[in-house]
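We count ligands from 1, going down the list as the structure has it; atoms in each ligand are counted the same way. The figures here come from the full heavy-atom set of this structure, side chains too, leaving out hydrogens, waters and symmetry mates.
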Amino acid sequence: MVWRGLIAAFGDRMNISKAVPPVTLFEGNTPLIPAPRLGASLGVDLFLKYEGLNPTGSFKDRGMTTAITQAAAEGAETVICASTGNTAASAAAYASRAGMQCVVLIPDGKIALGKLAGALAYGARVIAISGSFDDGLRMVREASDKAPIALVNSVNPARLEGQKTAAWEVTEQLGSVPDWLCLPVGNAGNISAYWLGFTESGGDRPRLLGAQAAGAAPIVLGHVVDQPETMATAIRIGNPARWKQAEAALQESNGNILAVTDEEIFAAYRRLATEEGVFCEPSSAAGVAGLIKRINEDRTAYEGRKIVCVLTGHGLKDPDSAVRGIPAPETIPADVDVLLKSIGM
Ligand code: F0G
């Protein structure tokens, strides 16, 4: 089958308008990559859903094809979102594609370079606020109430209609529903969307393992975090919009949510790249960090199980994190003998 994006593939199972042609960049259909080395060390059958291979480098494209198509059907000319970066880049790309204006609010100084570069390259109006993602979300909700602007954050139900397709892809690629699905949780749209997808399939459902950054773990703590802090800036969120829905999904799936420290996130991030050759952004490794932590505490629920970790964004989104703490490349003369000596041969 020639791949023409998520609406072409799954539109009949999406509750969105079909009045206009899909606004698409042929998103979705991302690989489910076995992770045998990491899996063996954890005693599980591990797979990575590599969402960084979507057109703008994150899973957000799944929900943006549907949100922007719906906005186009409703006649929107301008869309707006608050973002820790990936939603911004994705909204900007799909808005360009649809001939719409895009306005994005980002927390000043707290978004990764590749995401800012994307949003700017796609021609969005990028506005930095001296506040958090949560402040930005409050502002864009209010702005879209007061002015004719379509809100494309995941509070918009059309977003979940696209993002739920990842659950169906995982099931098809694995040949069954996984025992566990592990993923990072920020605004809690993605965990809600996966659960919607698995539930709509009507068959078996996985247990969900959500991971929040320790400095931004409102759902784990049970209260809003006023000043969320983590180096995993994509999930630096203190008051998730889909908090209640995520809690319901966690409960229905007999799942778990836990907090992982930045050290644990970065350790998992390095292991994915150096042991499996899969480079994701730091936040994306939070699900893997959570899995490692749970297995170290009590492996019985995981041993030998089929486990899928969702890697939500590409490693190149955040080049600063990739090089931080690693010595710069050494420079040598253009001489092969020096080269061999320097690599110990
Ligand atoms: N991973 C990455 C790479 C993200 O960018 C996000 C969210 C998440 C995980 C968490 O997903 O919010 O649905 O629970 N990024 C949003 C943004 C907030 O603005 O790009 P969630």
Side-chain angles (χ1 to χ4, degrees), residues 30 49-54 56-64 67 80-93 102 104-107 110-112 114-116 118-119 124 126 129 132-137 140 151-156 159-160 162-164 166 181-196 208 210-213 216-220 228 230-243 245-247 249-250 257 260 265 268-269 279-290 309-318 321:
T30 57
K49 182 65 171 160
Y50 195 21
E51 290 287 274
L53 292 187
N54 276 295
T56 78
S58 84
F59 74 98
K60 302 290 180 179
D61 297 341
R62 289 184 186 275
M64 215 47 81
I80 196 165
C81 64
S83 180
T84 56
N86 282 323
T87 302
S90 184
C102 178
V104 305
L105 261 63
I106 56 168
K110 299 290 185 182
I111 90 165
K115 304 176 188 182
L116 181 61
V126 179
I129 58 164
S132 66
F133 168 86
D134 306 286
D135 297 314
L137 186 59
V140 296
L151 180 61
V152 295
N153 279 106
S154 61
V155 292
N156 177 338
R159 281 278 307 278
L160 300 206
Q163 285 178 216
K164 71 185 180 185
L181 184 93
C182 314
L183 76 176
V185 176
N187 209 28
N190 210 28
I191 193 168
S192 303
Y194 269 96
W195 193 243
L196 184 63
L208 299 176
Q212 297 199 292
I219 302 178
V220 178
T230 169
M231 301 278 278
T233 52
I235 52 172
R236 188 174 165 273
I237 294 175
N239 188 10
R242 291 199 179 263
W243 186 330
Q245 206 171 332
E247 277 189 338
L250 285 161
I257 186 155
V260 283
I265 291 173
Y269 163 78
F279 183 30
C280 63
E281 63 172 284
S283 303
S284 301
V288 179
C309 290
V310 183
L311 304 185
T312 46
H314 200 286
L316 291 173
K317 288 275 190 174
D318 190 353
S321 288

Answer yes or no: is there an ion pair linking Lys60 with Glu51, defined by an N-O contact shorter than 4.0 Å?
no

Closest to atom 10 (C) of ligand 1 by heavy-atom distance, out of Ser58, Gly136, Gly186, is Gly186

Which distance, rounded to the nearest 0.5 Å, do you find between the CD1 of Ile111 and the CG of Asn86?
8.5 Å

Please work out which of Ile191, Asn187, Val104, Thr233 has its closest non-hydrogen atom nearest to atom 12 (O) of ligand 1.
Asn187

Select the closest option to atom 11 (O) of ligand 1 among Tyr194, Phe59, Phe133, judged by heavy-atom distance.
Phe59

Protein heavy-atom partner closest to atom 4 (C) of ligand 1 - residue, atom, separation in Å
Ala234 CB, 3.6 Å

Contact region, Ala188 to ligand 1, non-hydrogen atoms below 4.0 Å, reads backbone

If we set the cut-off at 4.0 Å for heavy atoms, which region of Lys60 has an atom near ligand 1: side chain, backbone, both, or neither?
side chain

Is there a donor-acceptor pair under 3.5 Å between the side chain of Arg236 and the backbone N or O of Lys110?
no

Looking only at heavy atoms, which two atoms of Val104 and Ala124 are closest? And how far apart?
CG1-CB, 4.5 Å

Please say whether Ser284 places an N or O atom under 3.5 Å from an N or O atom belonging to ligand 1.
no

What are the atoms of ligand 1, with element, lying closer than 4.0 Å to any heavy atom of Thr84?
15 (N), 16 (C), 17 (C), 18 (C), 19 (O), 20 (O)

Any atoms of ligand 1 less than 4.0 Å from a non-hydrogen atom of Val185? List them with their elements.
14 (O)

I'd like to check the ring pair (Phe, Tyr, Trp, His ring centres under 6.0 Å) partners of Tyr50; sequence neighbours left out, ordered by chain and number.
His314

Does the N or O separation between Glu281 and ligand 1 drop below 3.5 Å for any pair?
no

For ligand 1, which atoms have a heavy atom of Gly189 less than 4.0 angstrom away?
13 (O), 14 (O), 21 (P)

Can you name the side-chain hydrogen bond (donor to acceptor under 3.5 Å, both in side chains) partners of Thr312, sequence neighbours left out?
Ser284

State the atoms of ligand 1, each with its element, that fall below the 4.0 Å cut-off from a heavy-atom position in Ser83.
17 (C), 19 (O), 20 (O)

Sub-4.0 Å atoms of ligand 1 with respect to non-hydrogen atoms of Ile237:
18 (C)

Between atom CG of Leu105 and atom CD1 of Ile129, what is the distance when rounded to the nearest 0.5 Å?
5.0 Å

Determine, using heavy atoms of Ser154 and all atoms of ligand 1, whether some pair is separated by less than 4.0 Å.
no

My understanding is that only one of Thr30, Thr56, Asn54 makes a side-chain hydrogen bond (donor to acceptor under 3.5 Å, both in side chains) with Asp61; could you say which?
Thr56

Backbone or side chain, does any N or O of Ile235 fall under 3.5 Å from an N or O of ligand 1?
no

Between ligand 1 and Pro184, is the shortest N or O to N or O distance under 3.5 Å?
no

I want to know if ligand 1 touches Gln163 in the polar sense, i.e. an N/O pair below 3.5 angstrom.
no

Quick one: which of Thr87, Asn153, Thr312 has a heavy atom closest to atom 17 (C) of ligand 1?
Thr87

Nearest non-hydrogen protein atom to atom 13 (O) of ligand 1, with distance, is Asn190 N, 2.8 Å

Return the minimal non-hydrogen interatomic distance between Cys81 and Asn153, and the atom names on each side.
CA-OD1, 3.2 Å

Identify the protein heavy atom lying closest to atom 5 (O) of ligand 1, giving its residue, its atom name and the separation to 0.1 Å.
Asn86 ND2, 2.8 Å

If you define the side chain from C-beta out and look only at heavy atoms, does anything of Leu181 sit under 4.5 Å from Lys49?
no

CD of Glu281 to CG of Leu316: how many Å apart, nearest 0.5 Å?
10.5 Å

For Val126 versus Ala119, what's the shortest heavy-atom pair and its separation?
CG2-CB, 3.9 Å

